[in-house]
Novice: 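One structure, pasted below without further comment.
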Amino acid sequence: MKLNRTTAKRKNLYKERILQFGEGNFLRSFVDWMIDIMNEKANFNSGVVVVQPIQSGMTDKINEQEGLYHVCLRGMKDGKPIEEYRLIDCIQRAINPYSSFESYSSLAESSDLRFIISNTTEAGIAYNPTDQAGMTPPSSFPAKITDFLYRRFKHFNGATDKGLILICCELIDHNADKLKEIVTRYSKEWNLEPAFIAWVNQSCAFCNSLVDRIVPGFPKDEITSMQKILGYEDQLLTVGEYFHLWVIEAPKWVKDEFPAQEAGLDVRFVDDMTAYRERKVRVLNGAHTGTVAISLLSGIETVRESIEEPVIGAFMRKMIYEEVLLPLKGDPTDLKIFADRILERFYNPYIRHQWTSIALNSLSKWVTRDQPSLLDYYKKTHELPPCLTLSLAALLLFFRGHYKTLKFAPQDDEANLIFMKKAWDTYEANHSETELVNTILKDGSWWTVNLSNEVPPLANEVARLIKTILHNDIESVVKTVLNS
């Protein structure tokens with residue numbers, strides 16, 4: 001039986017109070033799951049309109065199921081395994097602004113709208129100089145937000161009570177602050193009136209946030225059996241771990257309007273989330289991105305398989321305990337306990353967290369999640385961190401597209417893919433690992449610092465590691481690093 005509001009007997013619709021940029025598995029398993037619980041337990045009465053942030057996406061699938069889908073949570077609770085399903089009905093509809101711009105843009109004039117929530121990946125909150133006022137739509141997420149807020153400002157004549165609360169979930173430092181900075185830049189470049197900029201600053205709340213839940217996504221290997229359990233053909237079913245944490249940096253009045261804690265959810269409103277963010281991004285996300293290429297080059301498909309494999313598992317533990325934690329601020333005992341809990345989550349027997357999904361946009365992810373640990377380790381010890389250095393070498397090799405008998409299809413920003421292909425094509429002609437690495441570290445647009453200048457021995461060591469991996473095998477190189 002196909003899943004829709006008729007077959008599921010879900011006729012109630014909520015006010016469209018939330019505009020959500022992003023329709024992927026994470027937002028639907030985390031944010032929308034929470035909103036659904038708040039609607040049930042805290043009388044939040046808030047519906048979500050999903051906006052597809054890029055030209056290709058899941059708008060049609062979401063609308064075919066009239067916004068309904070299931071979340072399956074798996075993990076440990078009170079020392080016992082738990083698996084639970086929940087039908088989510090807070091999404092009212094999805095819009096593709098590239099094909100239905102006015103349907104999307106007109107929401108700016110809605111009196112009900114109160115929140116904008118986003119997860120456009122680490123690459124989403126970025127300035128694009130080609131975006132201009134009047135584009136339908138602009139290409140970048142910040143330009144879309146600028147255009148949307150300006151239409152709202154004009155429609156309501158700058159009414160102070162018609163500002164919006166924006167909560168960003170992208171895994172970059174100060175995500176909402178960065179978004180606000182780019183919105184202000186566009187506003188000035190587009191010659192929008194100063195009163196609008198003042199309204200953005202005074203009437204809208206840009207809230208940095210930190211999200212934490214492992215979401216493997218669509219269970220393609222189990223979908224038939226899971227749909228039998230549900231009794232529906234749910235093409236949007238998504239799987240996540242039972243654990244969840246959302247830290248939001250916001251004024252107290254935002255907490256009063258977002259009743260997550262009243263609904264029993266682990267959502268923490270704080271004045272400063274720096275400590276939460278740094279340890280989570282570096283340990284949890286850094287372990288994922290730091291191991292993804294090594295695992296794929298080893299032919300391993302999931303996180304759990306990697307942590308249970310003796311060599312790769314030892315690599316992950318060495319990277320976290322000896323390199324990532326070393327320069328982190330905080331009590332060493334507390335940091336170790338935090339890392340212990342993270343690694344325990346990797347063993348979750350229910351979760352098949354595919355490395356291919358973690359590899360999405362892995363260049364910008366490595367910069368956000370692993371580069372800071374490498375830089376801080378080098379500053380503290382004046383030595384290269386062996387595991388993090390190997391993780392970088394393996395990542396660059398992954399973008400070659402093949403290794404031994406394995407083939408890969410990296411997914412990243414189109415400009416990054418073109419750049420990496422050109423660099424590897426040059427390598428195929430001259431077989432110079434040194435030239436390859438120097439070119440990538442010097443000219444790659446995704447870097448936030450010049451790694452060759454900041455860490456002088458890095459380029460030569462990465463080049464040496466790539467050459468060694470190509471002429472031997474990845475497992476033997478990992479073993480050498482473990483013994484270093």
Side-chain angles (χ1 to χ4, degrees), residues 20-32 34 53-54 116-126 140-142 145 166-182 206-217 240-241 243-250 266-268 270 272-293 303 320 324 328 338-339 342 345-346 353-376 388 391 395 411-413 416 446-449:
Q20 177 176 298
F21 282 84
E23 76 279 36
N25 292 315
F26 182 81
L27 281 180
R28 291 188 294 107
S29 295
F30 186 79
V31 172
D32 298 324
M34 290 192 188
I54 58 177
I116 294 179
I117 298 176
S118 69
N119 185 10
T120 56
T121 79
E122 284 91 331
I125 302 182
S140 71
F141 167 57
I145 290 294
L166 297 92
I167 306 176
C168 295
C169 301
E170 292 82 359
L171 284 175
I172 60 173
D173 198 10
H174 299 288
N175 41 28
D177 291 342
K178 181 74 177 295
L179 174 62
K180 184 178 181 181
E181 174 188 323
I182 302 174
F206 286 74
C207 305
N208 301 315
S209 91
L210 173 71
V211 297
D212 194 357
R213 165 172 275 171
I214 296 173
V215 175
E241 68 172 332
F243 175 92
H244 74 278
L245 171 66
W246 196 1
V247 182
I248 303 175
E249 199 175 81
D266 194 0
V267 177
R268 306 178 191 183
V270 299
D272 185 352
M273 55 173 273
T274 302
Y276 282 98
R277 182 192 182 279
E278 186 174 63
R279 69 179 189 177
K280 185 264 179 181
V281 170
R282 293 200 187 190
V283 178
L284 173 62
N285 304 112
H288 281 158
T289 301
T291 314
V292 61
V303 174
I320 291 173
V324 175
L328 268 182
F338 176 77
I342 293 296
R345 290 163 64 189
F346 290 174
H353 200 177
Q354 298 283 342
W355 284 118
T356 50
S357 66
I358 294 172
L360 177 67
N361 293 322
S362 51
L363 291 172
S364 59
K365 285 178 178 176
W366 196 92
V367 169
T368 301
R369 303 171 176 187
D370 295 288
Q371 177 181 286
S373 295
L374 184 146
L375 292 174
D376 286 351
L388 287 165
S391 80
L395 181 62
Q411 298 183 59
D412 212 289
D413 180 84
N416 293 346
W446 56 90
W447 305 114
T448 56
V449 298

Novice: Report yes or no: does Q411 contribute a side-chain atom to a donor-acceptor pair with the main-chain N or O of L360 at less than 3.5 Å?
Specialist: no
Novice: Would you say C169 and I117 make side-chain contact, with heavy atoms under 4.5 Å?
Specialist: yes
Novice: Looking at every non-hydrogen atom in both residues, tell me the closest pair between V324 and S373 and how far apart they are.
Specialist: CG1-OG, 3.8 Å
Novice: Nearest 0.5 Å, please: how far is OG1 in T368 from CD1 in I172?
Specialist: 7.0 Å
Novice: Hey, could you give me the CD1/CG distance between I320 and L388, rounded to the nearest 0.5 Å?
Specialist: 10.0 Å
Novice: Quick one, F338 and L328 - any side-chain contact, counting heavy atoms below 4.5 Å?
Specialist: no
Novice: Is the ring centre of F346 less than 6.0 Å from the ring centre of H288?
Specialist: yes
Novice: Do V247 and K280 make a side-chain contact, defined as non-hydrogen atoms from C-beta onward lying under 4.5 Å apart?
Specialist: no
Novice: For I342 and R279: C-alpha separation, side-chain torsions, deciding distance, then whether side chain to side chain contact (heavy atoms under 4.5 Å, CB included) applies.
Specialist: CA-CA 11 Å; I342 293 296; R279 69 179 189 177; over 6 Å; no
Novice: Report yes or no: does N416 contribute a side-chain atom to a donor-acceptor pair with the main-chain N or O of L363 at less than 3.5 Å?
Specialist: no
Novice: Please report the shortest heavy-atom distance between R213 and F26, naming the atom on each side.
Specialist: O-CE1, 3.3 Å
Novice: Answer yes or no on whether R345 is positioned over the face of F243, meaning its NZ or CZ is under 6.0 Å from the six-membered ring centre and within 45° of the axis.
Specialist: yes
Novice: Tell me, do D173 and K178 make a side-chain contact under 4.5 Å, heavy atoms counted?
Specialist: no
Novice: Report the C-alpha distance between N361 and W446 in whole Å, list the side-chain angles of each, state the deciding distance to 0.1 Å, and finish with yes or no for side chain to side chain contact (heavy atoms under 4.5 Å, CB included).
Specialist: CA-CA 10 Å; N361 293 322; W446 56 90; over 6 Å; no
Novice: Return the minimal non-hydrogen interatomic distance between G240 and P216, and the atom names on each side.
Specialist: CA-CD, 4.0 Å
Novice: Roughly how far apart are S209 OG and L171 CG, rounded to 0.5 Å?
Specialist: 9.0 Å
Novice: Can you give me the closest heavy-atom contact between F21 and I145, atom names plus distance?
Specialist: CE1-CD1, 3.6 Å
Novice: When rounded to the nearest 0.5 angstrom, what is the spacing between OG1 in T121 and NZ in K365?
Specialist: 7.5 Å
Novice: Are side-chain heavy atoms of L179 and F141 found at a separation under 4.5 Å?
Specialist: yes
Novice: Quick one: does W246's side chain get under 4.5 Å of V31's, heavy atoms only?
Specialist: yes
Novice: Identify the heavy atoms of C168 and I125 that sit nearest to each other, and give their distance.
Specialist: SG-CD1, 4.3 Å
Novice: Could you walk me through whether S364 and D413 pass the side chain to side chain contact (heavy atoms under 4.5 Å, CB included) check?
Specialist: CA-CA 9 Å; S364 59; D413 180 84; over 6 Å; no
Novice: Verify whether one side chain among R282 and N285 offers a donor that lies under 3.5 Å from an acceptor in the other.
Specialist: no
Novice: For the residue pair L210 and V281, establish whether any side-chain heavy-atom pair is separated by less than 4.5 Å.
Specialist: yes
Novice: Take H244 and M34, measure what side chain to side chain contact (heavy atoms under 4.5 Å, CB included) needs, and give me the verdict at the end.
Specialist: CA-CA 10 Å; H244 74 278; M34 290 192 188; 3.5 Å; yes
Novice: Does some side-chain heavy atom of I358 sit less than 4.5 Å from a side-chain heavy atom of T291?
Specialist: no
Novice: How long is the span from the OG atom in S391 to the CG atom in L374, to the nearest 0.5 Å?
Specialist: 7.5 Å
Novice: Taking all heavy atoms of N175 and all of N208, pick out the closest pair and write down the distance.
Specialist: OD1-CA, 3.1 Å
Novice: Could you state the interatomic distance from CG (L284) to CG (D212), rounded to the nearest 0.5 Å?
Specialist: 5.5 Å
